[in-house]
Amino acid sequence: MPEAVQDKAQAGLPITGSLSLLSDYRFRGISQTWGAAAVQGGVELTLPRGFYLGSSLTNVSTHSYGRGEGLENDIYGGWRGDVAPGWQLDAGLLHYRYPGARLATPDGGSKRFDTTEAYLGATHGGLNVKWSLALTPYFGLRESTAGSAFATALAPAGSSRGSQYLDLNYQHPLGDWATLGVHGGYTLVRNYGEVSYADWRVSLAKTWGAWTASAAWVGTSADARYYSAANSEGRLRSLGRSGLVLGLSAGF
């Protein structure tokens with residue numbers, strides 16, 4: 001969920017939201033817009049006793065999500081609250097929707113990219129740790145779609161349901177000037193180790209009023225044979241290569 005939404009939800013406001021403009025939408029380090037800009041928005045409803053529901057929307061590349069409308073709609077819900085002095089727990093479900101997008105299967109059919117994950121996270125001061133588990137095939141990857149899910153075909157090896165993501169984050173305020181953020185993550189794709197990879201990010205963010213501006217250097221260890229896109233000349237370009245991502249967001 002957008003950070004501005006989460007921060008305001010923790011403040012106890014019943015309905016919060018944010019609108020963001022990014023120079024590139026990176027999901028777990030991989031560009032979802034093929035290096036193009038993204039516009040994102042989200043809203044969250046805070047319910048009694050620490051429960052919450054939310055939804056967000058962003059554009060994605062139709063090259064990555066073929067036959068679709070170029071949209072990602074995330075719907076989530078869960079519980080967050082203090083479990084010990086200085087410690088907060090966050091647990092819930094997150095469903096990623098890609099309206100109309102399909103992966104081709106050898107029999108001429110297709111499968112959805114849509115994915116549901118369960119997550120469990122803990123926050124202490126500036127440190128946040130989160131673990132996610134795919135309850136469905138990981139973004140459509142299964143026996144019948146192994147040949148079309150990535151830039152290079154994978155050997156069919158069963159379902160990727162049960163794939164995991166470990167997310168580590170630390171934020172440190174630099175006085176009133178900015179906030180330094182450091183992130184490390186690892187995607188473990190079940191039955192398809194070739195496409196498992198690590199990702200990292202170092203960022204600076206400055207907030208004034210409802211606005212936040214950010215700059216982040218993002219990189220991954222993703223194998224470019226699988227995580228790549230063709231440019232206008234037909235040359236492959238890594239979607240996980242290191243790069244600068246700029247952002248501007250407003251919370252409400």
Side-chain angles (χ1 to χ4, degrees), residues 1-12 16 18 20-32 38 40 42 44 46 50 52 54 56 58 74 76 78-94 117-134 163-189 196-222 240-251:
M1 77 187 74
E3 291 182 3
V5 174
Q6 183 173 345
D7 291 343
K8 286 199 168 187
Q10 292 172 350
T16 54
S18 70
S20 304
L21 175 63
L22 299 172
S23 62
D24 187 9
Y25 168 31
R26 296 284 191 115
F27 175 74
R28 297 174 181 171
I30 304 297
S31 176
Q32 305 297 295
Q40 303 180 341
E44 183 177 293
T46 302
Y52 59 86
S56 63
T58 181
D74 301 341
Y76 61 89
W79 176 89
R80 71 170 69 94
D82 296 331
V83 294
W87 286 91
Q88 186 180 71
L89 192 68
D90 187 7
L93 295 174
L94 172 58
E117 290 185 337
Y119 59 85
L120 176 64
T123 300
H124 180 68
L127 177 66
N128 174 264
V129 180
K130 185 177 180 181
W131 171 70
S132 300
L133 175 69
S163 296
Q164 304 174 52
Y165 183 68
L166 180 62
D167 187 1
L168 305 174
N169 297 279
Y170 181 72
Q171 293 191 338
H172 180 73
L174 302 176
D176 295 330
W177 179 68
T179 298
L180 172 68
V182 179
H183 158 82
Y186 190 78
T187 298
L188 177 64
V189 183
S196 297
Y197 66 95
D199 71 280
W200 52 86
R201 181 181 68 247
V202 178
S203 64
L204 285 175
K206 171 64 177 179
T207 299
W208 66 100
W211 294 88
T212 298
S214 63
W217 187 258
V218 184
T220 77
S221 66
R241 70 175 182 175
S242 297
L244 181 66
V245 177
L246 303 177
L248 180 65
S249 65

Please find the pair of heavy atoms, one from [X] and one from [Y], that lie closest to each other, and give the distance.
X: Gly219; Y: Ser242; result: CA-OG, 3.7 Å
X: Tyr25; Y: Ala38; result: CB-CB, 3.7 Å
X: Tyr197; Y: Phe27; result: OH-O, 4.1 Å
X: Ala91; Y: Tyr52; result: O-OH, 4.0 Å
X: Leu22; Y: Gly247; result: CD2-CA, 3.7 Å
X: Arg26; Y: Gly29; result: NH1-O, 2.8 Å

From CA spacing to verdict: side-chain contact (heavy atoms from CB on, under 4.5 Å), Leu94, Asp74: CA-CA 7 Å; Leu94 172 58; Asp74 301 341; 3.9 Å; yes

Donor-acceptor pair, side chain of Ser214 and main chain of Leu204, under 3.5 angstrom: no

Backbone N/O of Ala198 and side chain of Ser221: donor-acceptor pair under 3.5 Å: yes

Neighbour count >12 (heavy atoms, 6.0 Å) for atom CH2, Trp177: no

Residues Thr207, Thr212; criterion side-chain hydrogen bond (donor to acceptor under 3.5 Å, both in side chains); working and verdict: CA-CA 4 Å; Thr207 299; Thr212 298; 3.0 Å; yes

Check whether any side-chain heavy atom of [X] sits under 4.5 Å from a side-chain heavy atom of [Y], and report yes or no.
X: Leu244; Y: Val218; answer: no
X: Ser23; Y: Val245; answer: yes
X: Tyr165; Y: Leu133; answer: no
X: Leu93; Y: Glu117; answer: no
X: Ile30; Y: Gln32; answer: yes
X: Leu166; Y: Val129; answer: yes

Report the distance from atom [atom1] of [X] to atom [atom2] of [Y], rounding to the nearest 0.5 Å.
X: Tyr186; Y: Asp199; atom1: OH; atom2: CG; result: 11.0 Å
X: Thr123; Y: Asn128; atom1: OG1; atom2: CG; result: 4.0 Å
X: Arg28; Y: His183; atom1: CZ; atom2: NE2; result: 9.0 Å
X: Trp211; Y: Leu248; atom1: CH2; atom2: CG; result: 5.5 Å
X: Leu120; Y: Asp90; atom1: CG; atom2: CG; result: 8.5 Å
X: Leu127; Y: His172; atom1: CG; atom2: NE2; result: 13.5 Å

side-chain contact (heavy atoms from CB on, under 4.5 Å) involving Trp87 - partner list, sequence neighbours excluded: Val83, Ala84, Ala122, His124

Thr220: side-chain hydrogen bond (donor to acceptor under 3.5 Å, both in side chains) partners, not counting sequence neighbours: none

Pairing residues for Trp217 by the side-chain hydrogen bond (donor to acceptor under 3.5 Å, both in side chains) criterion, not counting sequence neighbours: none

side-chain contact (heavy atoms from CB on, under 4.5 Å) evaluation trace for Leu89 with Trp79: CA-CA 8 Å; Leu89 192 68; Trp79 176 89; 4.0 Å; yes

Charged N-O contact under 4.0 Å between Glu44 and Arg80: yes

Distance-only side-chain donor-acceptor flag, Ser196 / Thr187, under 3.5 Å: no

